[in-house]
S.K.: 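First, the structure itself, so that you have it in front of you.
In what follows, residues are counted from 1 in the order of the sequence shown. Note that the coordinates shown come from a computational prediction; the quantities given were computed from them, not determined experimentally.
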Amino acid sequence: MDSKEYVEMLESHGVKVTANRIVVARELDRSSQPMTMAELERKILTIDKSGIFRVLTLFKAHHLVHVIEDGGGAGARYELCRSRHGDFDDDEHPHFHCEACGRTFCLEDTSVPCVDLPEGFQSATVSLLVRGLCPDCAKR
């Protein structure tokens, strides 16, 4: 994406455009895998930890990031959401966590199964994490 597309994405989700928000969105967009706070801190040297965290918190509230708890010990991982809606996430997909190398992968071409909830329950987000070995680790 270019700068104009980041601006449009933020605006379409009702988020005020700032330089820091564009920097965080750009870094998440460039990554091939969901990133931890520590990884973002190492990549973004112009924003302190609390600034990055505030942007991620805002993005989560406006459906601009997926938050993945993979249990890998590095904390939550974040990835840019491709949803074009600020009110709900139409970009939900499963993730795969490799138990050997610790990487977490997006399974964007795999749908999240529908879960029938009991009466009275209201779903906000769905998270599906599959654990096992990635193709590289399975070959070893």
Side-chain angles (χ1 to χ4, degrees):
M1 279 196 265
D2 62 24
S3 293
K4 181 181 175 188
E5 290 173 298
Y6 292 117
V7 168
E8 290 171 358
M9 179 185 67
L10 294 172
E11 289 175 344
S12 73
H13 283 80
V15 174
K16 181 181 174 185
V17 177
T18 67
N20 284 359
R21 293 171 185 168
I22 290 174
V23 167
V24 172
R26 182 178 293 128
E27 200 57 53
L28 289 169
D29 186 39
R30 288 179 178 168
S31 179
S32 62
Q33 298 172 338
M35 300 178 74
T36 64
M37 269 292 297
E39 291 167 336
L40 283 166
E41 287 175 63
R42 285 192 294 274
K43 291 278 190 177
I44 303 172
L45 302 177
T46 58
I47 309 172
D48 65 14
K49 181 178 184 174
S50 63
I52 295 170
F53 183 76
R54 284 192 302 273
V55 170
L56 291 173
T57 300
L58 178 69
F59 282 9
K60 181 180 176 191
H62 288 269
H63 301 282
L64 279 165
V65 292
H66 294 141
V67 181
I68 301 106
E69 299 284 347
D70 63 17
R77 294 183 176 276
Y78 302 88
E79 72 174 332
L80 193 63
C81 180
R82 306 296 177 187
S83 174
R84 296 295 176 204
H85 303 281
D87 297 328
F88 62 92
D89 184 358
D90 64 359
D91 179 36
E92 292 177 329
H93 56 269
H95 294 85
F96 183 91
H97 179 75
C98 180
E99 293 178 323
C101 66
R103 293 182 296 170
T104 298
F105 302 87
C106 296
L107 303 176
E108 293 176 355
D109 295 331
T110 304
S111 60
V112 174
C114 182
V115 177
D116 292 326
L117 296 174
E119 188 174 330
F121 288 84
Q122 296 180 4
S123 174
T125 62
V126 176
S127 176
L128 176 62
L129 179 71
V130 179
R131 297 175 159 281
L133 296 176
C134 70
D136 292 339
C137 292
K139 289 178 187 174
R140 296 182 199 159

S.K.: Find the distance between CD (E5) and CD1 (I22) and round it off to the nearest 0.5 Å.
M.R.: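 Interatomic distance, E5 CD to I22 CD1, rounded to 0.5 Å: 12.0 Å.
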S.K.: Please round to the nearest 0.5 Å and tell me the distance separating atom CZ of R21 and atom CZ of F59.
M.R.: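 Reported value, rounded in 0.5 Å steps: 7.5 Å.
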S.K.: Measure across F96 and C134 and return the closest heavy-atom pair with its distance rounded to 0.1 Å.
M.R.: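 Minimum heavy-atom contact is CE2-N, 3.7 Å.
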S.K.: To the closest 0.5 Å, what do you measure between CG (L58) and CZ (F53)?
M.R.: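 Going from the CG atom of L58 to the CZ atom of F53 covers 11.5 Å.
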S.K.: Could you tell me whether H97 and H95 have their ring centroids closer than 6.0 angstrom?
M.R.: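 H97 vs H95: aromatic centres not under 6.0 Å.
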S.K.: Quick one: do V17 and I44 end up in the same hydrophobic cluster if we chain Ile, Leu, Val, Met, Phe, Trp and Tyr together by side-chain heavy atoms under 4.5 Å apart?
M.R.: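 Per the 4.5 Å side-chain linkage, V17 and I44 are co-clustered.
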S.K.: Looking only at non-hydrogen atoms, find the nearest pair between P94 and T110 and report the distance.
M.R.: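 Shortest heavy-atom contact: CD-O, 2.9 Å.
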S.K.: Can you tell me how the ring of H66 sits relative to the ring of H93, calling it parallel under 30°, perpendicular over 60° and tilted otherwise?
M.R.: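 Perpendicular, since the angle between the ring planes exceeds 60°.
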S.K.: Is the side chain of E11 donor-acceptor paired with the backbone N or O of E8 at a distance under 3.5 Å, no angle test?
M.R.: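 A pair under 3.5 Å: no.
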S.K.: Working to the nearest 0.5 angstrom, can you tell me the gap between I47 CD1 and I52 CD1?
M.R.: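 It is 5.5 Å, given to the nearest 0.5 Å.
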S.K.: Could you give the distance from CD (Q33) to OG1 (T104), rounded to the nearest 0.5 Å?
M.R.: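 So the CD of Q33 and the OG1 of T104 are separated by 7.5 Å.
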S.K.: Side chains of R26 and S3: closer than 4.5 Å at any heavy-atom pair?
M.R.: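 Yes, close enough: below the 4.5 Å cut-off.
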S.K.: Same cluster or not: are L28 and F105 linked, directly or through other Ile, Leu, Val, Met, Phe, Trp or Tyr residues, by side-chain heavy atoms under 4.5 angstrom apart?
M.R.: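 Unlinked, L28 and F105 end up in two clusters.
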S.K.: Starting from F121, walk the hydrophobic network (Ile, Leu, Val, Met, Phe, Trp, Tyr; side-chain heavy atoms closer than 4.5 Å) and list everyone else you reach, by chain and number.
M.R.: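 Traced through the cluster, F121 reaches V115, L117.
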S.K.: Shortest non-hydrogen contact from M9 to C81?
M.R.: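 In this case the closest contact between M9 and C81 is SD-O, 4.5 Å.
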S.K.: Taking the side chain as C-beta and beyond, is there a heavy-atom pair between I68 and Y78 under 4.5 Å?
M.R.: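 Counting from C-beta outward, I68 and Y78 never come under 4.5 Å.
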S.K.: E39: which residues meet the salt bridge (charged side-chain N to carboxylate O under 4.0 Å, His left out) condition with it, sequence neighbours left out?
M.R.: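 Counting only residues at least two positions away or on another chain, E39 forms a salt bridge (charged side-chain N to carboxylate O under 4.0 Å, His left out) with R77.
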S.K.: With hydrophobic residues grouped by side-chain heavy-atom distances under 4.5 Å, do V24 and V67 end up in a single group?
M.R.: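 Yes.
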S.K.: Taking the side chain from S31 and the backbone from P34, do they hold a donor-acceptor pair closer than 3.5 Å?
M.R.: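 No; judged by distance alone, with no hydrogens or angles, the pair does not exist.
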S.K.: Say whether L107 and V112 are linked into one hydrophobic cluster, either directly or through other cluster members, by side-chain heavy-atom distances under 4.5 angstrom.
M.R.: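 In one cluster with L107: V112, no.
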S.K.: Would you please say whether a donor-acceptor pair under 3.5 Å links the side chains of D48 and S50?
M.R.: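 Short answer, yes.
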S.K.: Can you name the nearest heavy-atom pair linking C137 to L133, along with the distance?
M.R.: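 Closest pair (atom of C137, atom of L133, distance): CB-CD2, 4.3 Å.
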S.K.: Enter the distance from L10:CG to K16:NZ here, rounded to the nearest 0.5 Å.
M.R.: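 The distance works out to 12.0 Å.
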S.K.: Just wondering, do M1 and L80 contact through their side chains at under 4.5 Å, heavy atoms?
M.R.: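 Contact flag for L80/M1 side chains = yes.
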S.K.: Show, in sequence, the C-alpha distance, side-chain angles and deciding distance for V65 and E79, and conclude whether the side-chain contact (heavy atoms from CB on, under 4.5 Å) test is met.
M.R.: CA-CA 5 Å; V65 292; E79 72 174 332; over 6 Å; no
S.K.: How far apart are the closest heavy atoms of L56 and M37, and which atoms are they?
M.R.: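 In this case the closest contact between L56 and M37 is CD1-SD, 3.4 Å.
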S.K.: Could you report the tightest heavy-atom contact between D136 and R103, atom names first, then the distance?
M.R.: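 Nearest pair, atom of D136 first, then R103: OD2-NH2, 3.3 Å.
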